[in-house]
2 protein chains.
Amino acid sequence: MKNTALTGRHTAQKQLVLDIFRSTKRPLMAREVYNLARQERSRIGIATIYRAIRRMVNDKLLRPVTIPGETVYYEMSDADHHHYFHCCACQKVYVVPGCPGSMQALTPQGFKLERHDLVLHGRCENCARRAS
Amino acid sequence: MKNTALTGRHTAQKQLVLDIFRSTKRPLMAREVYNLARQERSRIGIATIYRAIRRMVNDKLLRPVTIPGETVYYEMSDADHHHYFHCCACQKVYVVPGCPGSMQALTPQGFKLERHDLVLHGRCENCARRAS
DNA sequence: CTCATTGCAAACGATTTGCATTCGC
DNA sequence: GCGAATGCAAATCGTTTGCAATGAG
């Protein structure tokens, strides 16, 4: 499958990083991508992962997802508007569809609202069951 | 002024960090606190700042403020529940009172919601006027 | 063949930790 | 005086960079 999305020279490493993001439905941090990538190609370096991610963010193929207290995650940027649920126990980040909306009501007079980030925190289903 | 809020032994260093947060109305990052603190007490170590901040966060005196792409900031947590407006042009962070609420509706089945963070992004009044 | 990309290791900035010293209680 | 807190340096963590080797076009 020819890939018109990747810029620069087409290498197996960049394709692998893109495939990993495509086939995973939750946001991933660099180390997760690195661990997944090494299952396919054990000699890949983590710097290559960071460089691929940086390029894909520049090209707007990926978008950073900032979770309070965690390192940056990334996800494919072609998805619909959505938010995140961060599990404080297992650190996984889940996508939650929908949006409470009405952000304009919070915006101060004269400010120009462009976007918003919302992160829910708690315990995911697995961790909620395991605890207590 | 006696300070009932600080836990553990009362030291000049912890008092200084608390005073700095009290007398500054915008969120501060550790290095800003360190720089301000050294003006008063040049031999203070940055580890002391981090330890003081960590303790105050544990004691709920401070609360971390996470801004996408920036290192963590902290602010006094005695204020009401609120959110932030991050100006993409001047990088200032503003407090916005109020909350859209209804986060429970977004939470997936079986997940246990504990808290949420919301950051609005756009242009503040000054920068909105200056641009376009 | 040429030059972008890679792998690896060293460098980096932010934060944490180990440890001997200091100082509140 | 005892033990918590400090200052300093070394360690750690996530990320970036320098550089020689590799490989895409």
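Per chain, numbering begins at 1; letters A, B, ... match sequence-line order. From a predicted model like this one, the values you see are computed outputs, not experimental measurements.
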Side chains of [X] and [Y]: donor-acceptor distance under 3.5 Å anywhere?
X      : Y      : result
B/E114 : A/H86  : no
A/R38  : A/Y34  : yes
B/H81  : B/H116 : yes
B/N35  : B/Q39  : no

Rounded to whole angstrom units, what separation is found between the [atom1] atom of [X] and the [atom2] atom of [N]?
X     : N      : atom1 : atom2 : result
A/K14 : C/dA4  : NZ    : P     : 11 Å
B/M56 : D/dA5  : CE    : P     : 14 Å
B/I53 : C/dT16 : CD1   : C1'   : 13 Å
A/N58 : C/dA4  : CG    : P     : 17 Å
B/R38 : D/dT6  : CZ    : P     : 17 Å
A/R9  : C/dA4  : CZ    : P     : 6 Å

Does the protein touch nucleotides 7-16 of chain D at the base, only the backbone, or not at all? Give it as B, S and - per nucleotide, heavy atoms under 4.0 Å. BB-----SSB
Beyond-backbone contact of B/Q13 with B/I49, side-chain heavy atoms, under 4.5 angstrom: no
Ring centers of B/F85, A/F111 separated by less than 6.0 Å: yes
For C/dA4 and A/T11 - does any side-chain N or O of the residue sit under 4.0 Å from the phosphate oxygens OP1/OP2? no
